[in-house]
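Only one structure is covered here, and it is reproduced in the block below.
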2 protein chains.
Amino acid sequence: METPIEQAVAVLRRNQLKITKQRQALLDYLVTYQDHYVAISEVDEHMRTLFAGMSHNTIYRNVKEFETLGLLELKSQANQTLVKYQCDFEHQHHHHFVCSNCGKVTELQACPLDEYEAQLPGCTITGHRMEIYGLCAECTQKQAN
Amino acid sequence: METPIEQAVAVLRRNQLKITKQRQALLDYLVTYQDHYVAISEVDEHMRTLFAGMSHNTIYRNVKEFETLGLLELKSQANQTLVKYQCDFEHQHHHHFVCSNCGKVTELQACPLDEYEAQLPGCTITGHRMEIYGLCAECTQKQAN
DNA sequence: AAACTAAATAGTAATGATTATGATTTAGTT
DNA sequence: AACTAAATCATAATCATTACTATTTAGTTT
Ligand SMILES: [Mn+2]
Ligand SMILES: [Mn+2]
Ligand SMILES: [Zn+2]
Ligand SMILES: [Zn+2]
């Protein structure tokens, strides 16, 4: 059974990208964000303390490259880019529920896109985003008390 | 029949906000973006040529204030905040199709939220976003030729 | 109509995330 | 061990946005 990092490294190999110690360290850190988003700027800050002198450029470039390879999920929020390790490496399409208190990300089943195609005659649909916000069950519990 | 700007001014009055010439000019400009998003930074740039010396602060502050009043719709994209004049002042909840070529925004009917509530037992849902991307009918046509 | 005052704006500078660039290093290959 | 394209470093720049304080003004009161 492959670990998430082994899977990611395999993807890098498959794409002829070099396995540098910087990329290893980046994956090691990002894999701790499998069910939470984190700001790239925070990743940047962390990597540079952990890895003295690591270049901003290297961090931002690799995060974006990893995203195009399907290793990470990105989203834009409040003038920042947030990143999360990909939920599932089979890239099966899905949507999220995000807790606005603790940040926990939950995967949702089903996709609403089909319902809308009839409303867009003549259009070409290339993508979509859906995300639900609120308090997870745990945070809802705590809040009640 | 009230114009969109008259409606907006009425909302400002109702909330005891002052009708300044800066706010008037801002509304006059933003009302031209009823079916397209525009970056706030571009609004800022435009307002400052049109209105020499207008403060960045004033522009950003008012855009955000107008959003909380329901006059505008905001979204985050590529480290910028985009803004659009509200589609309909009754604030009826809806979603958008956005053309990635010409930027045209089309309102969609129906909301998929209900389908997901059963998947989130014990959670508190406070909001959601859904947006579909692609080419509008016009841009699909042009592309075909 | 003048005075009043809280709200709004101007003017200037700072902040912070991200990107640019050219020199140097290195992973993987030959 | 040499080679080389790819990756990283080191440094500075860019650009959207925010901060701060003095000044102005819209709407109210006298
Ligand atoms: Mn996911
Ligand atoms: Mn709308
Ligand atoms: Zn939570
Ligand atoms: Zn279009």
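Small disclaimer: the values here were computed from a predicted structure and weren't measured. Here is how names work: the chains are called A, B, and so on, in the same order as the sequence lines, proteins then strands, and each is numbered from 1.
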DNA chain C base-pair string [pairs: Watson-Crick or G-U under 3.5 Å; |: paired with another strand]: ||||||||||||||||||||||||||||||
In B/S/- notation (B base, S sugar-phosphate only, - none; protein heavy atoms under 4.0 Å), nucleotides 9-22 of chain C written 5' to 3' is BBB-----SSBBB-
Parallel, tilted or perpendicular for B:Tyr29 and B:Tyr33, by the 30°/60° rule? perpendicular
Could you tell me the separation between the SG atom of B:Cys111 and the NE2 atom of B:His94, rounded to the nearest 0.5 Å? 11.0 Å
If you count heavy atoms of other groups shown closer than 6.0 angstrom to CD of B:Glu45, is the number above 12? no
First-last contacting nucleotides on DNA chain D - partner chain A, under 4.0 angstrom, heavy atom: D:dA5 to D:dT17
With the side chain counted from C-beta on, respond yes when A:Glu138 and A:Cys99 share a heavy-atom pair under 4.5 Å apart, and no when they do not. no
What salt bridge (charged side-chain N to carboxylate O under 4.0 Å, His left out) pairs are there with at least one residue in residues 126-136 of chain A, not counting sequence neighbours? A:Lys75-A:Glu131
Residues passing the side-chain contact (heavy atoms from CB on, under 4.5 Å) test with A:Cys123, sequence neighbours excluded, are A:Leu120, B:Phe97, B:Ala137
Are there over 12 heavy-atom neighbours, none belonging to B:Glu2, within less than 6.0 Å of that residue's CD? yes
Distance (rounded to the nearest 0.5 Å) between A:Thr81 OG1 and A:Leu74 CG: 6.5 Å
Could you pull out all donor-acceptor pairs under 3.5 Å where a side-chain atom in residues 21-28 of chain B meets a protein atom, sequence neighbours excluded?
{"from": "B:Arg23", "atom 1": "NE", "to": "B:Asn62", "atom 2": "OD1", "distance (Å)": "2.9"}
{"from": "B:Arg23", "atom 1": "NH1", "to": "B:Lys18", "atom 2": "O", "distance (Å)": "2.9"}
{"from": "B:Arg23", "atom 1": "NH2", "to": "B:Asn62", "atom 2": "OD1", "distance (Å)": "3.2"}
{"from": "B:Arg23", "atom 1": "NH2", "to": "B:Glu65", "atom 2": "OE1", "distance (Å)": "3.4"}

CD (B:Glu117) with more than 12 external heavy atoms under 6.0 Å: yes
